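Predicted model only: the values in this text are computed from it and were never measured.
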Amino acid sequence: MRLVLLGAPGSGKGTQAKKLVEKLNIPQISTGDLLRAAVKSGSALGEKAKAKMDAGELVPDSLVLGLLKERLDQEDTLKGFILDGYPRNLAQAESLNGLLIGLNRPLDTALLIDVDLEVIMKRITGRLTCADCGQMFNTYFSPPAQEGVCDACGGSNLTRRADDNEETVRTRLQVYEKETKPLIAYYMDHGLLTSVKGDTGSISDITRRIFTILEVS
């Protein structure tokens, strides 16, 4: 199965991608991971990416597409793959479509994890992590039993990421609405869009819905 995961930041794409990886035994491909690996390896594309990043510039789409092609040439992608975080805009979607058609491996589906933006706001701004043991909480949905105290280890060092604030999250969501959300219509027009509600029920409930929709047994 070859699929793209769509959804706003905080919609649970990463979590559900891991569930699909385990179930389908196909790799999850993140362009961020590809860039970091290429830079670390010192490959020709990695050196070009590093030069752009060191200069504070965006890595060109053409370079990212080259890294993606290299990754898709690896044997573990022959049964399928999950693209998470790419494409981010219509131009990237068109380039990806051309690449996959050229490889004779077109997408099977674009899976949208649909979550209300205000729910996403609470998911992100409410996140707390125990600095001692790593246990995660949410002040809105799954707060610790005793305020400020970790249920798992009893520690009192519950922290919030500096960028998990309302202003930063609203900016990220505005970028998503402008650049990435149009992909929903794009894939619908291509007959590839599949949607699942991602803001009702537990993580396991959402996973079961996805497996049902994708006809994964």
Say whether [X] and [Y] are linked into one hydrophobic cluster, either directly or through other cluster members, by side-chain heavy-atom distances under 4.5 angstrom.
X	Y	value
Leu83	Ile26	no
Val21	Val4	no
Leu192	Leu3	no

(message) Test side chain to side chain contact (heavy atoms under 4.5 Å, CB included) on Leu107 and Tyr187; report intermediate values, then the result.
(response) CA-CA 10 Å; Leu107 285 177; Tyr187 284 115; 3.8 Å; yes
(message) Less than 3.5 Å apart, any donor N or O on the side chain of Thr200 or Arg209 sitting next to an acceptor on the other?
(response)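 Result is yes, a qualifying pair exists.
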(message) Quiz question: by atom type and distance under 3.5 Å, do the side chains of Arg160 and Thr139 form a donor-acceptor pair?
(response)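 Arg160 vs Thr139: no donor-acceptor pair found between side chains.
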Are [X] and [Y] close enough that some pair of their side-chain heavy atoms sits under 4.5 Å apart?
X	Y	result
Glu70	Leu45	yes
Pro87	Leu183	yes
Leu111	Gln16	no
Tyr186	Leu193	no
Leu72	Ile29	yes
Lys79	Asn25	yes
Phe81	Leu100	yes
Leu117	Glu177	yes

(request) Please test Thr77 against Arg105 for side chain to side chain donor-acceptor pair (under 3.5 Å), starting from the C-alpha separation and ending with a verdict. (result) CA-CA 10 Å; Thr77 69; Arg105 296 162 70 188; 2.8 Å; yes
(request) Flag yes if more than 12 heavy atoms outside Lys18 fall under 6.0 Å of its NZ atom; otherwise flag no. (result)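 No, not enclosed.
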(message) Is it true that, when you exclude Ile203 itself, more than 12 heavy atoms of the residues, nucleotides or ligands shown sit nearer than 6.0 Å to its CD1?
(response)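 Open: at most 12 neighbouring heavy atoms sit under 6.0 Å from CD1 of Ile203.
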Tell me if a side-chain donor or acceptor on [X] pairs with a main-chain N or O of [Y] at a distance below 3.5 Å.
X	Y	value
Asp151	Pro144	no
Thr168	Asn165	no
Asp205	Ser202	yes
Asp199	Asp116	yes
Ser142	Phe137	no
Asn157	Ala131	no
Asn138	Arg123	yes

Nearest heavy-atom neighbours spanning [X] and [Y]:
X	Y	answer
Arg172	Pro9	NH2-CB, 3.3 Å
Cys150	Gln135	SG-CB, 3.9 Å
Pro182	Lys178	CG-O, 3.6 Å

(request) May I ask you to say whether Arg170 pairs ionically with Glu118, meaning some side-chain N is under 4.0 Å from a carboxylate O? (result)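 A salt bridge links Arg170 with Glu118.
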(message) Salt bridge or not between Arg71 and Asp76? Use side-chain N to carboxylate O under 4.0 Å.
(response)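 A salt bridge links Arg71 with Asp76.
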(message) Rounded to the nearest 0.5 Å, what separates atom CG in Leu128 from atom OG1 in Thr159?
(response)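 So the gap between those two atoms works out to 7.5 Å.
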(request) Test side chain to side chain contact (heavy atoms under 4.5 Å, CB included) on Leu103 and Asp73 and set out the steps. (result) CA-CA 9 Å; Leu103 294 172; Asp73 284 338; 4.3 Å; yes
